[in-house]
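A note on names: the letters A, B, ... follow the listed sequences, proteins ahead of strands, and every chain is numbered from 1.
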Protein chains: 2
Amino acid sequence: MKIGDLSRLTGTRVETIRFYEKEGLIPAPSRTGGNYRVYDQAHLNRLSFIRRSRDLGFTLDQVRALLDLSDDHSRSCGAVDELAREQLRSVERKIEDLQALQRELASLLNQCSQGTIAECRIIEALAPG
Amino acid sequence: MKIGDLSRLTGTRVETIRFYEKEGLIPAPSRTGGNYRVYDQAHLNRLSFIRRSRDLGFTLDQVRALLDLSDDHSRSCGAVDELAREQLRSVERKIEDLQALQRELASLLNQCSQGTIAECRIIEALAPG
DNA sequence: CTTGACCCTATAGTGGCTTCAGGGTGCATA
DNA sequence: TATGCACCCTGAAGCCACTATAGGGTCAAG
Ligand SMILES: [Zn+2]
Ligand SMILES: [Zn+2]
Ligand SMILES: [Zn+2]
Ligand SMILES: [Zn+2]
């Protein structure tokens with residue numbers, strides 16, 4: 001598999017794959033005579049794992065931790081669950097923050113009567129006083 | 001007013017105020033003999049406006065646009081409202097994305113039975129197959 | 001005269017990539 | 001055989017919105 005194939009199979013940009021390699025998230029693959037990277041199934045599995053973790057909102061440091069943990073088959077999964085619980089809490093906090101924003105913006109838009117800037121409730125709400 | 005006073009009055013870090021000046025969001029203030037920045041009420045108003053806009057989730061480019069618009073008192077506020085509506089839509093999209101994450105994470109945590117990594121549903125969900 | 005709170009500039013770092021400059025490889029087609 | 005074109009390579013810089021660090025200067029109180 002060349003990097004473009006891996007890219008298509010995982011929906012990851014080629015540059016991002018090279019970036020993950022530089023960051024040590026993916027082991028450096030072997031090369032062809034023309035210096036092209038060659039990947040195998042293990043690389044594909046690892047990149048898929050990374051992408052799914054990122055899609056769930058984990059940071060790259062958390063992904064690193066999850067990858068390490070996933071190798072240690074006989075260990076208890078308490079640490080994994082703790083990471084996931086922490087991530088869930090962080091997502092819930094973000095949702096609450098955004099919902100507060102949503103209410104505020106919606107209320108402002110509701111109050112604006114489409115006149116001039118001078119009487120716009122949105123500008124008024126931003127200006128101090 | 002010195003920069004520390006402005007900082008306390010607006011809840012903005014001193015470094016951030018200098019950053020806004022460098023970015024052209026706040027006009028460069030006059031200086032004392034000792035080269036300290038001196039601010040007046042107009043600076044305070046402008047910084048407050050910027051901070052409130054940022055708190056509502058607008059980007060610095062959007063803040064720039066809002067500042068420009070807010071100066072043009074006789075213009076219709078359509079452009080302001082459009083920015084706010086766009087921002088509301090973006091917030092709503094983010095909320096939906098995060099709620100999907102929340103459901104997924106909660107479901108995974110629910111399924112994990114606190115055994116070993118080998119049988120952990122969270123790791124399983126991340127691994128490909 | 002020293003301490004300590006405050007201020008200054010310039011530069012680099014953060015995360016998670018993306019973009020760019022300037023090339024090389026490899027296969028199909030004219 | 002030449003040429004085009006898709007693909008690959010490296011290294012460095014850019015993105016956002018700050019934050020931090022190094023290495024100083026200013027100023028009022030004790
Ligand atoms: Zn309006
Ligand atoms: Zn910038
Ligand atoms: Zn588990
Ligand atoms: Zn970085």
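Under a hydrophobic-cluster definition in which Ile, Leu, Val, Met, Phe, Trp and Tyr are linked whenever side-chain heavy atoms come within less than 4.5 Å, directly or via other members, B:Ile17 and B:Leu9 are assigned to the same cluster. Linking ILVMFWY residues whenever their side-chain heavy atoms come closer than 4.5 Å, directly or via other members, leaves B:Tyr36 and B:Val14 in distinct clusters.
Between A:Gly57 and A:Gln62, the closest heavy-atom pair is O-OE1, 4.3 Å.
Distances shown here put a side-chain N or O of B:Arg13 below 4.0 Å from the OP1 or OP2 atom of D:dA20. A close approach under 4.0 Å does not occur between any side-chain nitrogen or oxygen of A:Arg31 and OP1 or OP2 of C:dG24. Distances shown here put a side-chain N or O of A:Arg54 below 4.0 Å from the OP1 or OP2 atom of C:dC17. The side chain of A:Arg37 contributes an N or O atom lying less than 4.0 Å from OP1 or OP2 of D:dC9. Between D:dA17 and B:Thr16, no contact under 4.0 Å exists linking OP1 or OP2 to a side-chain N or O.
Atom pair B:Ile26:CD1 and D:dC18:P shows a separation of 11 Å (rounding to whole Å applied). Counting to the nearest Å, the C1' atom of C:dA12 and the NZ atom of B:Lys22 are 11 Å from each other. Spacing between atom CZ of B:Arg18 and atom C1' of C:dA10 amounts to 11 Å, rounded to whole angstrom units. The OH-P distance, from B:Tyr39 to C:dC7, rounds to 10 Å in whole Å. With rounding to whole Å, A:Ile17 atom CD1 is found 13 Å from C:dC17 atom C1'. Spacing between atom CG of A:Leu6 and atom P of D:dC7 amounts to 15 Å, rounded to whole angstrom units. Per the geometry, CG belonging to A:Leu47 stands 11 Å off P belonging to C:dC17, to the nearest Å. Following rounding to the nearest Å, B:Glu15 (CD) and C:dC8 (P) show an atom-to-atom distance of 11 Å.
Of the possible donor and acceptor atoms, one in the side chain of B:Arg54 sits under 3.5 Å from a partner among the backbone N and O of B:Phe58.
Nearest-nucleotide assignment on DNA chain D puts the 5′-proximal partner with B:Thr59, out of B:Thr59 and B:Tyr36. Residue B:Asp61 is the one, among B:Asp61 and B:Gly33, whose nearest nucleotide of DNA chain D lies closer to the 5' end (criterion: closest heavy atom).
Within the 4.0 angstrom heavy-atom criterion, no nucleotide atom of any strand lies near B:Arg64.
In the set C:dG16, D:dC8, D:dT19, the nucleotide with an atom closest to the side chain of A:Phe19 is C:dG16. Of the candidates D:dC8, C:dC8, C:dC17, the closest approach to any side-chain atom of A:Ile3 belongs to D:dC8.
For a distance-only test at 3.5 Å, the side chain of A:Tyr20 fails to qualify as a donor-acceptor partner of the base of C:dG16.
For B:Ser90 and B:Glu86, the side-chain atoms include no donor-acceptor pair closer than 3.5 Å.
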